[in-house]
Amino acid sequence: MVKDSYTTLIVTLRSFERTRSTDDVEVETSPDRQKAETPKEDPHHDLGDRQDGAGASPREPLFAAVLREVAAERERVALDDGASASRNFPYLPREVTADQVHLALEHDTNPFTNQPHTAQYKKILKARKTLPVFAHMAEFYKIFNKHQIIIMVGETGSGKTTQIPQFVAYSDLPHIKNKIVACTQTRRVAATAVAQRVADEMDVQLGQQVGYSIRFEDMTEQGTTFIKYMTDGILLRESMHDPELSRYSTIIIDDAHERTLATDILMGVLKTLARRRPDLKLIIMSATLDALKFQKYFAVSSDALPPLFKVPGRTHPVEVFYTLEEVSDYVEDAIRFVLEIHCTEEPGDILVFMTGEEEIEGVCHSIKREVKDLINAYPETVGPLECIPLYSWLPPQEQQRIFDPAPEADSPDGPPGRKVVVSTNIAESSLTIDGIVYVVDPGFSKQKVYNPNTRVESLLVSPISKESAWQRTGRAGRTRPGKCFRLYTEKYFMSELEEQTKPEILRSNLVSTVLMLVKAGIKDLVEFDYLDEPAPESLLKALEVLNHLAAVDDDGNLTTLGSIMADFPLDPQLSKMLIVSPEFKCSNEILTITAMLSVPSVWLRPSKKQEEADAAKLLFAVPGGDHLILLNVFNKYILNQHDKDWTWIHYLSAPALLQAVNVREQLERMMARFEVDLVSVQDQSEMSLSVKQALCCGFFMQVAHKVGGKRNYMTLNNQPVLLHPSCRLDTQPEWVIFNELVVTTRPFIRTVTGIRPEWLFKYANLYFDLRDWPDSETKRALMRVTKKTTGRSGARINKATRGGESGEVEELMRRLRTR
DNA sequence: GAGCACTGC
């Protein structure tokens with residue numbers, strides 16, 4: 001029946017576009033690594049046949065001599081004041097050839113440590129040689145030696161992430177020049193895993209010659225590390241403090257096609273930097289074929305594109321099937337297909353993509369029920385089917401189930417068992433499940449959409465991009481040839497789906513980013529060279545918010561406050577609140593709340609134990625609001641940290657709390673550096689009042705007031721919202737501050753605390769100058785507040801201190817508006 | 001009456 005509804009019109013695919021670096025780790029890790037070392041060296045490995053350019057005998061400590069010679073050469077260069085010729089020396093930095101590198105790789109001595117190569121090194125080297133990039137080494141050096149900027153396209157399994165930085169190291173010889181080859185990753189796990197792998201490949205200890213740097217963890221050694229994997233965000237932060245990025249000889253941007261916010265901004269920064277630093281080489285690596293876009297972006301002129309270096313991938317072919325007609329209910333159809341595959345196809349596990357928890361649990365439930373019926377009806381032909389849900393906030397041990405083997409046949413001769421994983425997008429890129437042979441793709445995912453005008457974030461079920469669809473398809477071909485069933489027509493795929501998922505910069509809140517750019521001295525946000533320009537409203541709104549927070553003045557200049565705020569790895573609202581909190585004698589408490597607000601939610605709510613989880617949450621309830629509850633949870637966690645079961649019993653996420661501890665420590669160090677005092681109020685009710693006032697200093701733009709009954713509120717932009725069901729406000733105060741506004745089934749405000757409206761006029765009088773506000777229900781409510789508090793008509797003061805209305809900010813905003 | 005996935009000295 002599957003065959004009936006599908007047509008095999010398509011085609012065996014050559015290979016799949018990779019989009020995530022975590023793949024690199026697995027694809028490129030050879031099984032040799034796990035096996036015990038078998039020191040079976042061949043002492044007669046014959047390099048004599050090799051056409052090695054240096055013509056030296058491999059028996060000699062060749063590369064070591066080379067390095068000495070290079071060092072001597074460097075001294076000569078220095079002595080000659082840069083006038084020295086190369087003296088025909090063949091191993092000059094950035095002039096090496098693939099033959100020379102092959103020679104060095106085969107040599108008995110590790111040129112970077114002068115230690116003999118281990119047997120493990122040689123085993124891994126054998127595996128490395130089978131990677132597609134290895135066959136293209138000569139071509140790589142030809143291009144690298146000649147050009148400053150290279151665009152590289154390497155498909156899944158090409159080996160680019162692990163090999164290219166090593167190729168560069170053999171050419172740059174960064175250890176001699178006290179420089180570093182940096183390679184950015186979009187995920188922390190990728191940075192750590194790839195660094196470990198490359199350290200093994202280079203026969204060095206992780207953290208020595210090869211290291212990584214991610215938030216909270218710097219596994220590098222100054223003066224020793226010369227290949228450094230790092231998250232894109234870390235390098236971006238670094239560029240704020242050292243705009244020349246002078247420690248680096250070559251910077252490799254990996255997974256550029258993922259278009260994370262940090263990668264996008266980094267590319268803009270590096271493009272300008274490359275002009276100032278001709279000695280800096282850039283390699284932009286991407287898995288997709290839209291390399292032309294990167295080439296054009298980095299082109300010096302329209303007829304001088306940077307060269308493209310392309311390496312094919314290595315994956316198993318996957319057959320793709322489309323429906324002949326559009327499906328009406330993808331959930332029902334997905335269930336039907338899983339059952340069909342189970343009944344008719346060869347053994348092999350199934351991966352089904354759904355958009356969220358509710359769908360996933362529903363699908364699992366239905367599949368389990370229907371398989372039971374099928375097995376009862378056809379015990380001879382239908383084997384057991386294990387259905388496993390997967391989404392991000394599932395507890396880790398539940399997530400681990402996806403790696404369980406498929407169930408055994410019920411009897412020795414019975415039909416074989418099969419595993420089906422029903423997952424959100426998390427399985428598209430972040431988590432890899434081996435053994436998947438069939439993929440069922442309905443073509444939807446939940447995506448974050450941001451509206452800069454209302455500053456509202458929503459999660460919308462939207463069609464995926466073609467790129468996503470191929471990524472999902474590729475999940476079927478990791479261990480052997482597979483099949484992918486797309487629950488839409490080929491016509492729909494071709495004509496309706498976007499080529500790529502919108503880059504993050506186009507659907508994000510840019511307040512933090514803009515502050516960073518201003519801090520980096522980029523005055524003209526409009527002229528900054530974006531690969532994709534963000535919506536002018538996003539920049540405009542971000543600048544407005546920063547102005548209201550007093551991080552930039554009316555002329556668009558960074559204020560002293562803004563400069564400090566930019567150094568904190570926080571949303572500006574949070575850093576503002578934190579920095580002013582000593583004024584309210586509660587910086588200790590605000591520090592904790594800030595840390596808790598910058599980690600994922602600590603609340604666990606397993607679908608089968610929702611009531612228990614809610615009851616557990618009530619134990620932490622304190623009067624005032626959710627922010628104070630977070631403070632309470634953190635403090636209780638610290639008191640009970642010795643008790644391993646404590647978090648579990650209270651339905652709290654231990655990893656999230658641990659991360660909050662880390663963030664808190666990091667922020668505390670930064671506060672010390674900027675001399676932000678750490679102080680506490682002892683009296684509980686006084687503390688609660690202080691905390692709420694400090695909250696107002698950062699979040700005065702995220703205020704709502706009560707309208708009608710039943711948890712109904714209205715934001716300052718007059719958007720009706722509901723208190724999120726997770727809110728544990730004991731009373732329902734007239735005025736509240738909220739941490740986030742999300743639109744899911746309805747618009748909700750989440751993490752909410754009651755405040756006194758007078759505080760808004762007191763601590764944000766410019767923003768609450770009501771004369772500028774259009775008439776609305778909210779404005780009238782605020783007017784009533786000002787009338788009650790006689791003599792404190794904050795709305796009237798300080799207009800003059802705002803400075804010239806025709807300042808540069810106004811000008812910039814005008815230009816943004818007219819774009 | 002309830003949540004796609006990442007990330008930051």
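All values below come from the heavy atoms of this structure, side chains included, with hydrogens, waters and symmetry mates left out. Throughout, a chain's letter reflects where its sequence line sits, starting with A, and its residues are numbered from 1.
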Could you state the [atom1]-[atom2] distance from [X] to [N], rounded to the nearest angstrom?
X      : N     : atom1 : atom2 : value
A:L510 : B:dT7 : CG    : P     : 19 Å
A:E258 : B:dA5 : CD    : P     : 15 Å
A:F216 : B:dT7 : CZ    : C1'   : 11 Å
A:D255 : B:dT7 : CG    : P     : 13 Å
A:R746 : B:dG3 : CZ    : P     : 11 Å
A:R472 : B:dA5 : CZ    : P     : 12 Å
A:E358 : B:dG3 : CD    : P     : 9 Å
A:E217 : B:dG8 : CD    : P     : 11 Å

Can you check whether [X] has a side-chain N or O nearer than 4.0 Å to OP1 or OP2 of [N]?
X      : N     : answer
A:T744 : B:dG3 : yes
A:T231 : B:dG8 : yes
A:T745 : B:dA2 : yes
A:T424 : B:dA5 : yes

Counting any heavy atom closer than 4.0 Å, what does [X] reach on the DNA or RNA strands: base, sugar-phosphate only, or nothing?
X      : answer
A:F748 : sugar-phosphate
A:E357 : sugar-phosphate
A:Y391 : sugar-phosphate
A:L236 : nothing
A:S213 : nothing
A:R673 : nothing
A:D614 : base

Handout entry: Salt-bridge criterion met for A:D567 and A:K519 (N-O under 4.0 Å)
Key =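 Counted as a salt bridge, because a side-chain N and a carboxylate O are separated by less than 4.0 Å.
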Handout entry: Base B:dG8 paired with A:S512 side chain (donor-acceptor, <3.5 Å)
Key =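 Indeed there is one.
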Problem - Presence of donor-acceptor pair under 3.5 Å, side chain of A:R605 and base of B:dA2 - result: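 In this structure, the two groups form a donor-acceptor pair.
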Handout entry: Candidates A:T186, A:T184, A:T260 - the one meeting side chain to side chain donor-acceptor pair (under 3.5 Å) with A:D232
Key =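 Filter result, single survivor: A:T260.
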Handout entry: Minimum-distance nucleotide to A:E504 side chain [options: B:dA5, B:dA2, B:dC9]
Key =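 Within the option list, the nearest is B:dA5.
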Exercise for the section: Consider the side chain of A:R188, meaning its heavy atoms from C-beta on, and name the nucleotide among B:dG3, B:dA2, B:dT7 that approaches it most closely. Expected result: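 Of the options given, the side chain of A:R188 lies nearest B:dT7.
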Practice task
Would you kindly say whether A:Y212 and A:E217 are connected by a side-chain donor-acceptor distance under 3.5 Å?
Solution key: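 Their side chains do contain a donor-acceptor pair, which is all the 3.5 Å distance test asks for.
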Practice task
Ignoring hydrogens and angles, state whether a donor on the side chain of A:R215 or A:Q666 is under 3.5 Å from an acceptor on the partner side chain.
Solution key: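 Yes, side-chain donor-acceptor contact under 3.5 Å.
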Exercise for the section: Could you say whether A:D218 or A:H724 is positioned toward the 5' end of DNA chain B, judged by the nucleotide with the nearest heavy atom to each? Expected result: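 Per heavy-atom nearest nucleotide, the more 5' residue is A:H724.
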Exercise for the section: Measure from the side-chain N and O atoms of A:R475 to the backbone N and O of A:A427, and report whether any donor-acceptor pair falls under 3.5 Å. Expected result: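 Yes, the answer is positive, given that a donor and an acceptor are paired below the 3.5 Å cut-off.
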Practice task
Would you please test A:Q500 and A:R259 for side-chain hydrogen bond (donor to acceptor under 3.5 Å, both in side chains) and show each step?
Solution key: CA-CA 10 Å; A:Q500 263 143 14; A:R259 307 293 308 278; 5.9 Å; no
